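Everything below concerns the one structure shown next.
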Amino acid sequence: MQNRPHAQPAGDGAPASSIAARAMGALRRDAAAYLEGLNPEQRRAVETTEGPVLVLAGAGTGKTRVLTTRIAHLIATNRARPFDILAVTFTNKAAREMKHRIGALIGPAGEGMPWLGTFHAIGTKILRRHAELVGLKSDFTILGTDDQLRLMKQVIADQNVDEKRWPARALSHAIDGWKNRGLGPEQVPPGEAASFAFGKGGTLYTAYQARLATLNAVDFGDLLLLCLKLWRENPDVLANYQDRFRYILVDEYQDTNVAQYLWLRLLAQSRKNIACVGDDDQSIYGWRGAEVDNILRFEHDFPGAVVVRLERNYRSTGHILAAASGLIAKNESRLGKTLRTDDEPGERVTVTGAWDSEEEARMLAESIESLQAKQHPLSEIVVLVRISAQMREIEDRFVQLGLPYRVIGGPRFYERAEIRDALAYLRATMNVSDDLAFERIVNTPKRGLGDATLQQLHTYGRANRLPLRIAAERLCETDELKPRVRSTLRALTESFSRWARLVESQPHSEVAQMILEESGYTEMWQKDRSADAAGRLENLKEFVRSMEEFPDMAAFLEHVSLVMEASETEGAERVSLMTLHAAKGLEFDTVFLPGWEDGLFPSQRALDESGRAGLEEERRLAHVGLTRARKRAKLSFAVNRRIHGLWSSTIPSRFIDELPETAVDVVEAPAHFSAGASRFDRNPTPFGSSYGTPGWQRAQANTAPQGGRGFGSAPGGRSGGFSGGPRQIEGELIAKSTGAPSAFEMGQRVFHTKFGPGTIAGVDGNKLTVDFDKAGRKMVLDSFIQAGSS
DNA sequence: TTGGTCAGGGTTTTT
DNA sequence: CCCTGACCAA
C-alpha cells in the first residue's frame, strides 16, 4: 500500500519510540487488511480522500461500510486525527452505529470522535460555545415540538390573530419551512411572509424568535439556522471551524435540506474535503424539507467533484432487484444507477389481490404462519405499510392469531405525554425561569389551578418581569388569590424549592422519583383505569432508571432534549410492523407490502400537492420498500378499503403495472378467502381448509374464553373484538406509594449503590434516613436500598 | 374549574 | 372509525 509510510519493524532505529511505533504499525496493518474486503468502487470511494466526493450508494451496496472505512482510512494513514473529522448523520441511531463500527475497525482510537453526530447535536455543541454571539446564554434550552406549539399559540394570541383561521400548527409549519430553507425572519421573501395571517406572517415569525430569545430557548430549526447566523456574522469563528474540520463526511445526503446544505457549504468552503454519501433513489423526506436537488446538483455546487457509483448490491436476490430497478427507472429526476447482483434470481416478487383490507390482513397473517411453519424466523419478516392507519387491521389479526409482533416507530419515547410531563417537573425544578415547563405541569395532576389562575400568574409575572415560578411565590404573599388557590399554589412552589435543594445533595434519580411521587404525578396514573396507564407507569420507571447513567440532573436534561429513545427489545422472535419511512436502512429476508392501491400508495395527497415530484417521491418509497427484502417480497392490494371508517372501493396501484413482468408472479388469493369470508370467520366448519392452521386454533383458544363470550355469539361485531374486552395488564407499578410500610427497620445495615454501606436512622413510609459510613446522613428511597450483608 | 358533549379532521417523521 | 380540540353546563 502506497499509503503505508515507513512500515519499519519494531526495534529498528530509535529505541525511545519503540512501543508507540509498534502500536502504530499494528494500526496500519489493520487498516490495510480492512481495505481488502472492498470492491473497486467502494475502494475508490474510500481512497479518494482529497477534494469533494459524491458517493451514490444504491440500496444494499455497502454505504455505511464505505463511510466507516473512509474514516478509518483517514486516521490510519495519518491524514487526520479523530478530532479533525466532522461526520454528520441525521439520526442518533445512525451516529451510534457509525461510532460502533469505527470502533470495531480501528479500536479505541476511533472511540473519541468528538465531531461525529447528528446535524443537530453538532449544531448544539457549536452554539453552546458561542451562544453569546447569537444572543443566547450557553445553557439555553432546546424546545420540543409541543413546547414550540404552546409558544406559538401565545405569540398568535399576543398579535391578535384569530387562532381559528391561523392555527398554531400552520404557523409552526410555515416557520419550520423557512428555517429548513435557511431563512431567518428578515430573510423571508416579503410576499411569502405576507401570505400568512393577512400579512402578519413575518411579524409572527419575528415575535416568535423574540419570545424564544427571552426564554433563552431555541427550537430544532434554530440549531442549524443560528449556526449560519453565527458564521456569517463572525468570519473569524467560521474560519476556525473551517480550519478545524480537515475532512467532512455526510451520511444520507439526499435527505439534507437547504439549511443543512448551506451549513455544510460554509464549513467545506476552504478545504473542500467533503464526502457526501447518499442515494437519490431513496430520497423520501421531501415533505419535511429535504431537497433532492442537493444531491442532484452536487457536481455543480462542488466543482471538480469525483462521483462514485456503488451499484453492486449485496442484499437482494435477482428478481427483487430487477423489480425495484424496473420501478425506479420510471422516475425522471434521478442521477441514474443500475443495481446488479451476482446472487441467484431467487423467488419472484408476488402480487396478490384481496377483496378487502380485512381479507388482505388475513392473507398476510396466513402467509406469515406458513413461512413460520417452514422455520422462517419471525424476526426476519417485516410488514411495511404506507400509513400507520393501515396497522390497526393487521395488528388486530396478529393479536387474534397470537402471532407475536412489534411495532416500530409510533410516538417517540420522549414525545410521550408522561415523559414530557416528568421532564417538565425536572426542568421546572432545575430552572426557576423555565416558564414553559412550569406552565405544563402547574395543573397536572389536576390541582384546581386552571386557566384563570395561570392568567393571573402571567399578568403578575409580566408586570414585574418575573418568571412564573417566582411570580407564583410572590403572589402567594399577597391576598390577590383565593385562599384555596393560594394554599395549593404555595404548597407547589414550596415543593419546587425543596426539590431544588434536594438535587444539590441527593442522587438525582432518587430526587426525580421523589418529585414524581410527592407531586402526585405517579398517583395520577396509578388511579387511571385506562388501558395504557400501566404502560405509562412503566415508561416513567424506565425514565427514572435511565437517569442513573448520567452524572447529574443537568447532564441528563441536556442529553434528553436531543436524544432519547425507547429501549428497543431487539432480537426478539417477532414479526416487525412499520411504515415504509421507518424501514429505510433496514433489511429482512421477507418483506410484505400491503396496500398497494392508488390513492393510498401512491398517496392521493402527495399527488395533489406535489404533482409529478410527489409521484416520484412515492415511487422512491416503493423502491425503498422492495429493496428491504433479501429473499422475498410480497405485494398485495385490496379492492375495498375502509377509509376514515367508510368502505370505499379502490384500484390497484399504478406502481404494480410498472414492475417488470419477468420479475413478478401474480398469485391468486387462496380459495377460502372469498368475499365475505369474515362473516363466517368465527364459525369454524370442521372441514374447511383454513381452519386447521395453528393460527386458527390459537385464535380459538384466544377468543373463546374472552369475557365468557363463546365464539359466534357476537354476530356482526368487529371480527377482532378483542381490544375492547377486559385485559389483564402486566407490569409492576412504579414505586409503591408512600403509605406502604417499609421492609426496613431502624438500625438495620443496608447497602446503597451510590453511597455504599450505612445504617438506617429513620423510616418514613418508603423514605429512609440512612447514616452512610462514607457519605454521611442522607434521605433515600427504600427501592434504592438493599439489605446490607456486612 | 372541571368534565361532558359535539364537530371537524384525518400521510409519511427526525431533531 | 377514532382522536383532538372547542365550547358549554354544573
Side-chain angles (χ1 to χ4, degrees), chain A residues 88-95 117-124 142-145 147-149 153 163-164 167-169 176 179-180 218-225 252 255-257 259-260 283-290 357 384-393 396 408-415 417 442-443 445-455 482 484-485 488 559-565 578-585 595 599-610 614 617-618 620-622 624-625 641-648 718 720 723-724:
Chain A
V88 278
T89 62
F90 276 83
T91 63
N92 293 300
K93 196 176 157 202
T118 63
F119 276 101
H120 298 268
I122 289 168
T124 307
I142 301 163
L143 264 37
T145 339
D147 286 329
Q148 204 183 119
L149 227 49
K153 277 185 185 157
E163 230 243 88
K164 283 246 183 75
R169 295 279 316 244
D176 276 350
K179 288 187 174 175
N180 284 339
V218 298
D219 63 21
F220 284 119
D222 287 336
L223 293 173
L224 296 165
L225 197 57
E252 306 277 18
D255 288 338
T256 50
N257 60 35
Q260 285 155 342
S283 166
I284 55 176
Y285 286 111
W287 49 272
R288 67 177 193 212
S357 43
L384 301 179
V385 294
R386 179 62 183 77
I387 60 171
S388 321
Q390 285 172 262
M391 289 186 188
R392 196 179 306 270
E393 276 176 313
D396 277 355
I408 311 279
R412 287 257 145 318
F413 187 64
Y414 68 95
E415 288 292 347
V442 70
N443 201 29
K446 295 272 189 310
R447 303 187 169 90
L449 302 172
D451 284 350
T453 316
L454 203 58
Q455 270 315 316
K482 291 186 192 135
R484 166 170 282 156
V485 173
T488 36
H559 171 87
V560 93
S561 56
L562 277 177
V563 195
M564 180 132 183
E565 289 148 49
M578 64 186 93
T579 63
L580 285 157
H581 283 91
K584 198 166 81 164
L600 178 64
F601 190 35
S603 103
Q604 193 55 51
R605 190 145 160 188
L607 263 37
D608 293 346
E609 284 175 10
S610 319
E617 181 154 317
E618 295 286 300
R620 290 193 290 267
L621 199 49
V624 166
R641 184 172 295 274
R642 206 192 321 228
I643 298 164
H644 305 326
L646 297 168
W647 285 102
S648 41
R718 238 155 68 77
S723 44

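Quick note on labels: first sequence line is chain A, next is B, and so on, each numbered from 1. What you are looking at is a predicted structure, and each value in this text was computed from that prediction instead of being measured.
- Residue A:S603 is in base contact, counting any heavy-atom pair closer than 4.0 Å across all strands shown.
- The distance from atom NZ of A:K93 to atom P of B:dT14 is 10 Å, rounded to the nearest whole Å.
- Judged by distance alone, with hydrogens and angles left aside, the side-chain atoms of A:T256 form no donor-acceptor pair with the main-chain N or O of A:E252 at under 3.5 Å.
- Surrounding CG of A:D608 are more than 12 heavy atoms belonging to other residues, nucleotides or ligands, all under 6.0 Å away.
- In the set B:dT1, B:dT13, B:dG3, the nucleotide with an atom closest to the side chain of A:K446 is B:dG3.
- Considering only side-chain atoms of A:A606, the nucleotide from C:dC2, B:dT11, B:dT13 that sits closest is B:dT11.
- Side-chain atoms of A:D222 do not come within 3.5 Å of backbone N or O of A:L225 as any donor-acceptor pair.
- Taking atom CH2 of A:W287 as the reference point, atom P of B:dG10 lies 16 Å away to the nearest angstrom.
- Listed pair A:T453 / B:dT1 meets the phosphate criterion, a side-chain N or O lying under 4.0 Å from OP1 or OP2.
- Each of A:T91 and A:A452 lies near DNA chain B, and the nucleotide nearest A:A452 is the one positioned closer to the 5' end.
- In this structure, A:I643 places its CD1 atom 15 Å from P of B:dG10, rounding to the nearest Å.
- Distances shown here put every side-chain N or O of A:T118 at or beyond 4.0 Å from the OP1 or OP2 atom of B:dT14.
- Taking atom CG of residue A:D396 and atom C1' of nucleotide C:dC1, one finds them 12 Å apart after rounding to whole Å.
- Rounded to an integer number of Å, the gap from A:D451 CG to C:dG5 P is 14 Å.
- Residue A:T118 comes nearest to A:F90 through the heavy atom pair CG2-O, 3.6 Å, listed as atom of the first residue, atom of the second, then distance.
- A stacked arrangement is not assigned to A:H644 and the six-membered base ring of B:dG9, the conditions of a centre distance below 5.5 Å and an interplanar angle below 30° not being jointly met.
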Inset, instruction - Please assess A:Q604 against A:E609 for the test side-chain contact (heavy atoms from CB on, under 4.5 Å), listing each intermediate value before the final yes or no. - result: CA-CA 9 Å; A:Q604 193 55 51; A:E609 284 175 10; over 6 Å; no

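- Distance alone, capped at 3.5 Å, is enough to place a donor-acceptor pair between the A:N443 side chain and the A:G448 backbone.
- In this entry the distance linking CD1 of A:I387 with P of B:dG10 reads 13 Å, nearest Å.
- Mapping A:R288 and A:V485 onto DNA chain B by nearest heavy atom places A:V485 closer to the 5' end of the strand.
- When the nucleotides B:dT11, B:dT13, B:dT15 are ranked by their closest atom to the side chain of A:A582, B:dT13 comes out on top.
- Between A:N92 and B:dT15, a side-chain N or O to OP1/OP2 separation shorter than 4.0 Å is present.
- In this entry the distance linking CG of A:L646 with P of B:dG9 reads 15 Å, nearest Å.
- Nearest to the side chain of A:R642, among B:dT15, C:dC1, B:dT11, sits C:dC1.
- The listed nucleotides are B:dT15, C:dC2, B:dT13; the one nearest the side chain of A:H581 is B:dT13.
- Within the nucleic acid shown, A:E252 has no heavy atom closer than 4.0 Å to any nucleic acid atom.
- For B:dT12, the base is anti relative to its sugar; the glycosidic angle deviates from 0 by more than 90°.
- Residue A:G450 is in sugar-phosphate contact alone, with no base atom involved, counting any heavy-atom pair closer than 4.0 Å across all strands shown.
- Residue A:N443 places its side chain closer to B:dT2 than to any other of B:dT13, B:dT11, B:dT2.
- As rounded to whole Å, 16 Å separates atom C1' of B:dG10 from atom CZ of A:R641.
- Of the side-chain N and O atoms in A:T579, none sit less than 4.0 angstrom from OP1 or OP2 of B:dT11.
- The base of B:dT12 sits within donor-acceptor range of the side chain of A:R386, with an N or O pair under 3.5 Å.
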